[in-house]
Number of protein chains: 2
Amino acid sequence: MIAKCSVDYAGRLSAHLPLATRLLMVKSDGSLLVHSDGGSYKPLNWMSPPCTLTVGEPDSVQTDAGITETWTVTHAKTGDKLVVSIYETLHDSAHELGSDPGLQKDGVEAHLQKLLAEQIDLLGDGHTLVRREYMTAIGPVDILARDAQGASVAVELKRRGDIDGVEQLTRYLELMNRDPHLAPVSGVFAAQEIKPQARTLAEDRGIRCLVLDYDAMRGLDNADGRLF
Amino acid sequence: MIAKCSVDYAGRLSAHLPLATRLLMVKSDGSLLVHSDGGSYKPLNWMSPPCTLTVGEPDSVQTDAGITETWTVTHAKTGDKLVVSIYETLHDSAHELGSDPGLQKDGVEAHLQKLLAEQIDLLGDGHTLVRREYMTAIGPVDILARDAQGASVAVELKRRGDIDGVEQLTRYLELMNRDPHLAPVSGVFAAQEIKPQARTLAEDRGIRCLVLDYDAMRGLDNADGRLF
DNA sequence: ATCTAAATTTCGGAA
DNA sequence: TTCCGAAGTTTAGAT
């Protein structure tokens, strides 16, 4: 629906949208989205499900102000309330969409980890996989491997290699190097992109940096890409 | 526009939406939103501005598959690409909305700070406000007050009290207690909701926890809300 | 422009 | 179910 409207929200905060022409989207679960003709994907205002929408007639004061209809959307659990005052309806249509199969995504850290585990020699010739998500007292190391000489190698994987990731790997290495079964453990910081600051910090701590080419790794994995 | 479509995205990740009926919203800045009939306000897939949309004719293979139209949205800077394959158009309409005055909001941390400053006795009987946003070398303390005995009290305010907030307040307290004009400074961690871990850490460090009832504070402040 | 922190965050996975 | 952390995060404010 396209309508001239003003919107008031009272819930976790109070907010008001002055009179303007906007797009109103009512989903089948009762949720409501108020969009302007620009900006990002985030609506100007909204109500998340579960919620209920009730359409009401304006009182005499509201009618005099030019309001033809009022929509009230309430969130049962939280008590949040959204009130849309409609002044003029420019377009109104309803459609049955049916359920959506949902988004399939990949390319995240999990997939990167799976690919690197399969192509463990990217760490260097003769490397072998010990296991993914190797558990330590302070959390799981993304990948534990052994180099050609049999020495332990701990790998921290990130999509974007930042300082935080280096710190994380440093903590793991410190801990693992106290374990006589594992020590000495060297570290590899692997990411699709490594920030200069992160690289400097890592190399300063003797951690090797490895930039991963995701497309190439995926191409090696299976050549039948879904896209294009 | 309502259409049967499938969507492919290649950018920071790869994603695919199988064939289904969905709502497609094209904004005046060229951005595109793909919504299903449910879920939250977040689209299934989208392209943020600045980006450009080009409508293309399907090739023979695509035509055989039932595709009548293809939309390609590209983000100039990042190279992200979104391809919408349209199989059937169920509804199509365009509207001029004009610019939006934008959202007016209040009730966030700033409002909470204002309310607590006005109702400073919530910290305890006899407390007085020194000032809001008291500046220190490492940043502003949300509220500085004095208790009934005249001792300094530093308050860190959060909507949701988390570990981070306790760490923040701890840093402030450490610094302020080195200042002979202020010391001794006690700490109060005030929030609408305090996570158990944060509470434990705070109390372990001698920081008092204070849960704030925003609605009650607002009710005390003024009974004439803008809404309803 | 760059960075930091909050968000009516939303969303997914693990404990 | 709850908690924790990432997100194609987005957004607003400050430096």
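Only a predicted model underlies this, so the values are computations on that prediction, with no experimental measurement involved. Just the heavy atoms: all of them, side chains too, but no hydrogens, waters or symmetry mates, feed the values below. Note on naming: letters A, B, ... go to the chains in the order of the sequence lines (proteins, then strands), and numbering restarts at 1 for each one.
Rounded to whole Å, atom C1' of D/dC3 lies 18 Å from atom CZ of B/Arg199. One interatomic measurement links the two molecules: CG of B/Leu33 to C1' of D/dT9, which rounds to 14 Å at whole-angstrom precision. Whole-Å rounding puts the A/Lys42 NZ to C/dC11 P distance at 12 Å. For the pair A/Leu103 CG and C/dG12 C1', the computed distance is 12 Å after rounding to whole Å. Remark: P of D/dT9 and NE2 of B/His75 are 12 Å apart, rounded to the nearest angstrom. Counting to the nearest Å, the P atom of D/dA6 and the CD atom of A/Glu156 are 10 Å from each other. Rounded to whole Å, atom C1' of C/dA5 lies 12 Å from atom CG of B/Asp142. Rounded to an integer number of Å, the gap from CG of B/Asp29 to P of D/dT10 is 14 Å.
Looking at heavy-atom distances under 4.0 Å, B/Met47 makes contact with a base. Using a 4.0 Å heavy-atom distance criterion, B/Thr78 is classed as making no nucleic acid contact.
Salt bridge B/Arg132/B/Asp142: absent, no basic N to carboxylate O contact under 4.0 Å.
When side chains are defined from C-beta on, B/Met25 counts as touching A/Met25, because their heavy atoms get closer than 4.5 Å.
The side chain of B/Ser40 sits closest to C/dC11 out of C/dC11, D/dT10, C/dT9.
Scanning all heavy atoms of the two residues, the minimum distance from A/Ile2 to B/His95 falls at CG1-CD2, 3.4 Å.
B/Arg205 and B/Thr170 share a side-chain donor-acceptor pair at under 3.5 Å.
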